[in-house]
Every structure is written in C-alpha cells, then in structure tokens.
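Here's the structure, in structure tokens; my notes come after.
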2 protein chains.
Amino acid sequence: MNDRITLQQIGEMAGVSSATVSRVLNNHPHVSGEVRGRVQEVMDRTGYRPNPAARTLAGQKSNILSLVIPETAQILFTDPYFAHLAQGMAQACQVHDYALSLFIFHAAEDEAKIAQTLLSRQIFDGAILTATQIGDPLVSQLADNGVPFVLVGQHEDARVSFVDADNVAGAYTAVSHLIHLGYERIGAIIGPQSNLAALHRYEGYTKALRDWGRPLDERLVAQGEFLETGGYAAMRRLLAQRPQAIFAASDAMAIGALRAVQDAGLAVPDDVALIGYDDLPHARMVKPQLTTVRQPIRAAGIRAVETLMDILRSGLHPARRIVLPTELVVRDTCGARRLMGGGISN
Amino acid sequence: MNDRITLQQIGEMAGVSSATVSRVLNNHPHVSGEVRGRVQEVMDRTGYRPNPAARTLAGQKSNILSLVIPETAQILFTDPYFAHLAQGMAQACQVHDYALSLFIFHAAEDEAKIAQTLLSRQIFDGAILTATQIGDPLVSQLADNGVPFVLVGQHEDARVSFVDADNVAGAYTAVSHLIHLGYERIGAIIGPQSNLAALHRYEGYTKALRDWGRPLDERLVAQGEFLETGGYAAMRRLLAQRPQAIFAASDAMAIGALRAVQDAGLAVPDDVALIGYDDLPHARMVKPQLTTVRQPIRAAGIRAVETLMDILRSGLHPARRIVLPTELVVRDTCGARRLMGGGISN
DNA sequence: ATGAAAGCGCTAACAT
DNA sequence: ATGTTAGCGCTTTCAT
C-alpha cells in the first residue's frame with residue numbers, strides 16, 4: 001500500500017527518537033505530556049498511519065483474527081447463518097481492538113493445502129472455524145500446527161475449544177412439544193449425518209421419543225440435503241406413511257415439506273403438523289408461519305471471539321466447550337395456536 | 001502466531017543461503033534443479049511456513065485484498081447480496097493468488113476514524129467497497145489517501161473505479177414490461193433516495209413512463225425502507241389510488257406489497273400486478289411467484305477484483321467504470337403468464 | 001523520560 | 001546459479 005511517512009520521519013519532525021514516537025503511538029506511560037502532545041500533533045498533521053505489517057513483524061502480534069469458512073453454497077446462500085456469525089464476531093472484535101479477516105476456501109481443493117495456504121497467506125493471531133464436517137482434516141491440521149483457534153460447532157478432539165448451539169436439546173424440545181400437543185405418529189426429516197449438527201438434531205428427536213415412551217419408527221424418518229428441495233423430496237416419501245407431525249432439521253427443509261404437504265392437497269397443521277429449525281427470516285413469511293427452533297448465532301460469534309482472546313492471552317489452558325441454549329418459537333405450523341383457540345400473532 | 005522455523009534455518013539445514021531458499025519459495029528461475037529439490041525437501045519435512053508479515057514488509061505487497069462493508073443490518077441480513085459478492089470475489093482472488101480480508105465497520109462510528117482504523121489495522125494491497133451511501137466520506141478519504149480501491153456500486157468522483165449493475169436499465173425493462181402488458185396506472189414503491197441504486201431504479205421507472213408516453217403521477221409513487229415492512233406500508237398507501245401494476249425497488253418490498261394487496265382482499269396479478277427487484281431466493285417461494293429483475297452480483301465481485309488487480313499492476317490509469325446488464329425474470333406476479341395462457345413453470 | 005541499537009523474517013538488488 | 005548485504009518500519013531491551 002501507499003504508506004509513505006514512517007515513524008522515523010515523525011520522530012525527526014518532532015525532534016525525538018523513533019522509540020519515543022512508538023511509545024506515544026502505543027500509549028505507553030513514561031512519556032512527558034509535553035513530548036506526547038508534540039508528537040501527537042505531528043502525527044495528526046501529517047496523517048501518519050503505522051504500517052501494520054511492520055508492527056506485526058516487530059511485535060509478533062497482528063491484532064487480526066481470521067474467520068475460516070468452506071465455500072459451501074449451502075451456508076453462504078441458503079441462510080443468514082454466516083452473516084449473523086460475522087456480525088457477532090465483528091462486534092466482539094471491536095471491543096478487543098481486533099480486526100477481522102475472512103478466509104473462504106474451496107472444499108474442492110486439495111485438503112492438505114488448505115491449512116498451508118491459510119498459514120502462509122493470511123496474517124492473523126488466531127482463527128475461528130465454522131461449517132466444518134465431522135472429521136474435517138483442517139481442524140486437526142491447525143491443532144497440530146499449534147494455531148490458536150475456536151470452532152463454532154463441535155468436535156471430538158479434546159484439544160479444540162468450541163462454541164455450539166445445543167442441537168440435541170433444541171430438537172428434543174421441538175419433538176416434545178409435538179408430543180405434548182397430542183400427535184402420535186411423529187416423523188422426522190433429517191440432514192446429512194456427516195454434519196454434526198444434523199446428527200445431534202436427530203439424536204434429540206430419538207431421545208424425545210424414547211423419554212416420552214414413543215416407539216422410534218424408522219419408516220417415519222427420511223434423510224435429505226439441507227435444502228428446500230431435500231425437504232420436499234423427503235416429505236413426499238413420508239406422506240405415504242401418514243405421519244401426523246414432522247420435525248424437520250432445518251427451516252429450508254421444513255418449507256419444502258410444507259409445500260409437499262400442500263401439493264398433496266393436505267393442510268398444515270390440520271393434516272400434518274410441522275416444526276422447523278433455524279428461525280430463518282423465511283420462517284415467518286410462509287403461510288402458515290413456521291414453528292421453529294431459534295439458535296443464538298450472533299451470541300455464538302461473540303463467545304467464540306471471547307474464547308479465542310482468552311486462548312491468545314493465557315496460552316493453551318484446557319479446551320473450553322460452550323454450548324448455548326436454543327429457543328422454541330411457536331407459530332402456526334405446529335398447531336399449538338389452533339389447539340389453544342389461537343389467533344395470537346407473533 | 002506460532003511460526004518457529006525461519007528461512008535462515010531452512011537454508012542452514014539445506015546448506016544454502018537464505019536468498020536461495022527465498023528463490024525456491026517464490027518459484028524464481030535460476031535455481032538448479034538439484035538445489036531446488038534439496039531445499040524443497042527440507043521445507044516439506046520441517047513443515048516450514050513463511051511468515052506473511054515479514055514477506056509483506058520486505059516485499060511491500062501483502063497479496064491480501066480487503067472487502068469493506070458497513071455493518072448495515074439491511075445488507076447483511078435481508079438478502080444474500082453480500083454472500084454472492086464475497087463468493088465472486090473469493091473465486092477471483094483464488095485465480096490471482098490473493099487472500100481476502102473482511103472489514104466490517106459500524107456506520108455509527110466516528111466517520112473520520114473509519115479510514116484511519118482500516119489503514120492502520122488491516123493489511124491489504126487494495127480494497128473493494130460496497131453498500132456505500134451517496135457522498136459517503138469513506139470513499140473520498142480512501143481516494144485522498146491514495147488507497148487503491150474499487151467500488152461495487154457507483155460514485156460520482158471521477159477518480160473512483162466502480163462495478164455496478166445497470167439499475168436504470170433494470171427498472172426501465174421491468175416497467176416497460178408492465179406497459180407492454182397493457183397496464184395503465186403503473187405505480188412504484190421506491191427506496192431511500194440517499195441510496196444511489198434506489199435513485200437509479202426510480203430513474204428507470206420515470207424514464208420508461210416518459211419513453212412510452214405515460215404520465216408520471218406522483219400519487220402512484222410511495223417511498224419506504226428497503227424491507228418487507230416498508231413495502232407493506234407503501235402499498236397500503238398506494239392501494240387508495242387503485243394502481244393496476246406496481247414496480248417495487250426490491251424483492252423484500254415487493255413481498256411486503258404482495259401481502260398488503262392480499263390482506264386488502266385483492267389478488268396478484270389479477271387486481272394488481274407486481275414486479276420486484278433482486279431475484280432473492282425468496283422471490284420464487286412466495287405465491288404467486290415474483291416477477292423480478294436479476295442482478296449479476298457474483299460477476300460484479302469477480303469484475304471488481306479484476307479491476308483492482310489492474311489498478312495494482314498498472315498504477316493509477318483513468319478510473320474504470322463497469323456497468324453490468326440485468327435480466328428480467330418473468331414469473332407470475334406480473335400477469336404475463338396468465339395473459340399468455342400460462343402455466344409454464346420456471 | 002528519552003535515545004541507541006538490535007532485531008522481527010523476509011525480499012531484492014548487487015556481486016561473483 | 002548462488003551468496004552477500006541492505007533494508008522493509010516497527011517494537012523492545014538496555015543504557016543513560
């Protein structure tokens with residue numbers, strides 16, 4: 001970039017050494033008010049901007065933190081997950097005087113190269129990873145390389161700190177809700193089980209059935225991609241089994257399922273009740289409005305940054321694992337309002 | 001970060017100077033195959049990773065490019081604009097061996113500080129700005145500071161290069177379409193006119209009316225926020241004027257308008273035809289499906305990066321201004337299919 | 001309270 | 001083809 005003027009020059013102009021200028025730049029004590037003012041004045045007048053690369057090299061610290069995400073169309077397009085996460089992170093970074101860097105990698109790339117590229121190209125003190133797959137090699141590669149990082153999502157490796165929403169509990173609550181509403185044949189549309197969140201949501205589903213003494217009927221479970229089309233196809237298959245209610249592992253899938261039900265000439269929630277997951281903006285825009293599970297993604301971003309800051313500050317201390325609570329958002333597709341003589345608007 | 005081993009050390013281990021190691025690292029010619037192999041072997045074996053800050057400082061080039069966006073809930077949440085843009089940029093960066101950095105700033109901050117923070121914290125060779133407001137001081141500040149950057153969107157400053165979608169033409173085409181369909185009283189729901197895109201879309205609307213000899217009736221024009229609620233409120237006001245068709249400056253607004261029409265007991269497109277703008281995923285999920293204008297956002301991201309690369313390579317040459325064509329996506333809300341005896345699915 | 005000086009890890013002339 | 005040598009612009013001891 002176009003940095004011209006240096007610390008040296010500021011020093012010369014102010015009649016002090018560069019060390020002193022560095023001190024005022026970094027708000028060190030032991031600088032007389034008189035000198036501090038003079039130096040500050042020169043910096044302001046000249047529009048001096050320190051060279052961040054030089055600071056990083058000399059100080060061994062960049063004050064930059066990297067958000068690492070795979071370029072999966074799903075995450076980036078389908079839902080505002082990433083946007084919320086980035087916002088939370090940006091907010092927390094602000095507080096800690098950190099800048100945020102983005103590293104989007106193409107999952108198609110040679111997996112061994114990704115960590116390499118990240119480490120030799122990007123400048124950062126620590127990273128936050130998200131949307132990783134189960135057993136993603138990137139995670140262990142970074143851990144092996146001693147890179148400080150936090151995962152948003154979960155990982156079995158005991159070395160890794162993570163922040164995650166409680167997917168098991170979220171699904172559990174949703175399915176319990178359906179059970180309490182009196183539905184008997186409760187099915188599920190589940191996501192790819194290579195995804196840990198998908199796995200956990202399925203776990204919540206089976207756990208709720210078990211706890212409330214309902215049988216798990218595999219014929220009422222259909223798997224699909226985390227997309228509307230996946231939900232549509234899964235629902236078409238399930239319809240033959242005459243389910244009374246469906247728990248879908250994402251709102252996108254739930255909306256697809258909704259459409260499939262309606263296309264079959266049936267009504268939601270009267271013929272089939274439905275609960276989704278994510279609380280996308282979308283969820284309240286379909287008719288009937290989607291009952292769903294809301295995750296604190298923004299908060300997850302904040303907590304991830306806080307955790308990373310602690311790691312950077314205090315070194316390797318035992319990994320921290322944060323699991324954030326979710327919230328059931330009751331709208332129209334689960335039938336609760338109808339049953340309660342509803343009409344209450346959200 | 002945790003970089004331990006240095007170029008020097010690699011050199012010692014391979015029995016060559018650090019300069020030679022640097023040459024093989026950067027694929028310079030004039031290194032014998034024998035030495036190159038030996039050095040490469042040591043780098044691989046030790047898992048050597050160059051220190052990017054040192055490279056940046058010494059080479060005066062970071063190979064990092066910064067995407068600068070205001071933290072406006074609108075952009076980040078409402079639509080996938082940012083995600084598409086980032087994807088396009090990431091793809092182009094990949095090609096040019098650049099990494100991508102994100103700088104989210106809070107519009108609430110002291111405006112004078114933003115450029116300062118960006119320049120002293122982030123490491124980058126050039127920047128891409130988007131979602132700037134008309135007369136945004138950040139733009140001129142960067143230009144004044146000699147920072148190489150490209151705007152996605154437009155700007156009057158002759159120094160700035162930009163890539164934009166042709167908002168005037170997009171709106172013009174949409175409104176012309178409504179005119180050709182035979183509608184007479186064609187209204188518009190327009191966005192905040194501090195936003196250049198909103199301004200251009202309004203311009204396209206008035207231009208189409210003028211070109212086809214229709215009067216501009218101000219009572220048929222309502223302004224609102226670029227959100228569903230803004231569209232809803234605007235449509236409620238317009239309904240009193242009995243418009244036959246409405247051009248809405250965004251899909252979010254169009255969907256709000258759709259809802260307002262339906263809530264008034266009227267039908268789209270039979271009572272009021274509707275065209276939106278953006279082609280959000282949403283547009284095809286409402287019923288009836290939204291006719292809208294699609295913008296090549298991903299392509300804009302790519303072109304912006306290409307332009308920035310040219311600026312970095314060849315210096316200041318006259319600013320480049322790229323205006324990308326848009327595309328009318330005809331679905332159900334404009335009534336074209338109905339008029340043509342439709343039923344064709346998109 | 002301030003200055004001098006030694007790096008931080010790399011690149012890029014300039015030699016040879 | 002390879003080595004030597006200055007820096008790049010800053011931070012940080014260590015003196016004073």
Side-chain angles (χ1 to χ4, degrees), chain A residues 1-40 42-43 46-64 97 99 119-125, chain B residues 1-40 42-43 46-64 97 99 119-125:
Chain A
M1 257 204 325
N2 219 352
D3 296 356
R4 262 166 326 267
I5 176 164
T6 71
L7 250 200
Q8 281 281 9
Q9 301 177 37
I10 296 289
E12 289 164 16
M13 297 172 79
V16 296
S17 76
S18 65
T20 299
V21 180
S22 175
R23 290 188 185 103
V24 350
L25 185 63
N26 296 292
N27 283 313
H28 283 206
H30 306 307
V31 180
S32 73
E34 194 264 320
V35 169
R36 186 182 295 279
R38 185 149 40 94
V39 170
Q40 190 65 57
V42 176
M43 296 206 294
T46 55
Y48 168 72
R49 291 163 289 122
N51 179 323
R55 301 183 95 172
T56 300
L57 181 57
Q60 304 288 59
K61 180 165 187 295
S62 65
N63 273 42
I64 295 174
D97 193 30
L119 291 169
S120 59
R121 281 288 170 225
Q122 289 275 25
I123 296 175
F124 61 97
D125 296 334
Chain B
M1 259 206 325
N2 219 350
D3 296 355
R4 262 167 325 267
I5 176 164
T6 71
L7 249 200
Q8 281 281 8
Q9 301 177 38
I10 297 288
E12 289 164 14
M13 297 172 76
V16 296
S17 76
S18 66
T20 299
V21 180
S22 175
R23 289 187 186 104
V24 350
L25 185 64
N26 296 292
N27 283 314
H28 283 206
H30 307 306
V31 180
S32 73
E34 194 264 321
V35 169
R36 186 182 294 277
R38 185 149 40 94
V39 170
Q40 190 65 58
V42 176
M43 296 206 293
T46 55
Y48 168 73
R49 291 164 289 122
N51 179 321
R55 301 182 95 173
T56 300
L57 181 57
Q60 302 290 59
K61 180 165 187 298
S62 65
N63 273 43
I64 295 174
D97 193 29
L119 290 169
S120 58
R121 281 287 170 226
Q122 289 275 25
I123 296 175
F124 62 97
D125 296 334

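Keep in mind it's a predicted model, so treat the numbers as computed, not measured. Letters go in sequence order (proteins before strands), and every chain restarts at 1.
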- Item | Partners meeting side chain to side chain contact (heavy atoms under 4.5 Å, CB included) with A58(A) (sequence neighbours left out) | none

- Message: List the residues meeting salt bridge (Lys or Arg N to Asp or Glu O under 4.0 Å) with R23(B), not counting sequence neighbours, and say none if there are none.
- Response: none

- Query: When you measure from the side chain of V31(A), which nucleotide among dG9(D), dT2(C), dT2(D) comes out closest?
  - Reply: dT2(C)

- Task: Give me the bend of the helix from dA1(C)-dT16(D) to dT16(C)-dA1(D), using the axes of the five pairs at each end, rounded to 10°.
- Result: 30°

- Quick one: is T6(B) getting a side-chain N or O under 4.0 Å of the dG9(C) phosphate, OP1 or OP2? no

- Query: Can a side chain N or O of T56(A) be found less than 4.0 Å away from OP1 or OP2 on dC8(C)?
  - Reply: no

- Within the structure, does a side-chain N or O atom of Y48(A) lie under 4.0 Å from either OP1 or OP2 of dC10(D)? yes

- Message: Checking S22(B) now: which residues fulfil side chain to side chain donor-acceptor pair (under 3.5 Å) with it, not counting sequence neighbours?
- Response: N26(B)

- Listed partners of S62(A) passing side chain to side chain donor-acceptor pair (under 3.5 Å), at least two apart: D125(A)

- Query: K61(B) has an atom NZ; how far is it from atom C1' of dA12(C), in whole Å?
  - Reply: 14 Å

With a cut-off of 3.5 Å and sequence neighbours excluded, list every side-chain donor-acceptor pair involving residues 27-37 of chain B.
from   : atom 1 : to     : atom 2 : distance (Å)
S32(B) : OG     : V35(B) : N      : 3.2
E34(B) : OE2    : R38(B) : NE     : 3.3
R36(B) : NH2    : H28(B) : O      : 2.6

- Task: Could I get the full list of side chain to side chain donor-acceptor pair (under 3.5 Å) partners for Q8(B), not counting sequence neighbours?
- Result: none

- Message: Rounded to whole Å, how long is the line connecting atom CG of L57(B) with atom C1' of dG9(C)?
- Response: 9 Å

- Those residues of residues 18-29 of chain B lying under 4.0 Å from DNA chain D by at least one heavy atom: A19(B), T20(B), R23(B)

- Message: Show every salt bridge (charged side-chain N to carboxylate O under 4.0 Å, His left out) that has at least one partner inside residues 10-22 of chain B, sequence neighbours left out.
- Response: none

- Whole angstrom is fine here: how far is it from NE2 in H30(A) over to P in dG3(C)? 16 Å

- Query: Rounded to the Å, how far apart are Q8(A) CD and dG3(C) C1'?
  - Reply: 12 Å

- Item | Nearest listed nucleotide, side chain of Q60(B), among dA1(D), dG9(D), dC10(C) | dG9(D)

- Task: Between V35(A) and A58(A), just flag the one whose closest nucleotide in DNA chain C comes earlier from the 5' side.
- Result: V35(A)

- Between dG9(D) atom C1' and R55(B) atom CZ, what is the distance in whole Å? 19 Å

- Looking only at atom types and distance, does a side-chain atom of T56(B) sit under 3.5 Å from a main-chain N or O of P52(B), one as donor and one as acceptor? yes

- Task: Measure from CD1 on I10(B) to P on dG9(C) and round the result to the nearest Å.
- Result: 13 Å

- In whole angstrom, give the distance that lies between atom CD1 of I123(A) and atom P of dC10(C). 12 Å

- Task: For N63(B) and A99(B), indicate whether the former's side chain and the latter's backbone hold a donor-acceptor pair under 3.5 Å.
- Result: no

- Query: Rounded to the nearest Å, what distance is computed from the CZ atom of residue R4(A) to the C1' atom of nucleotide dG9(D)?
  - Reply: 15 Å

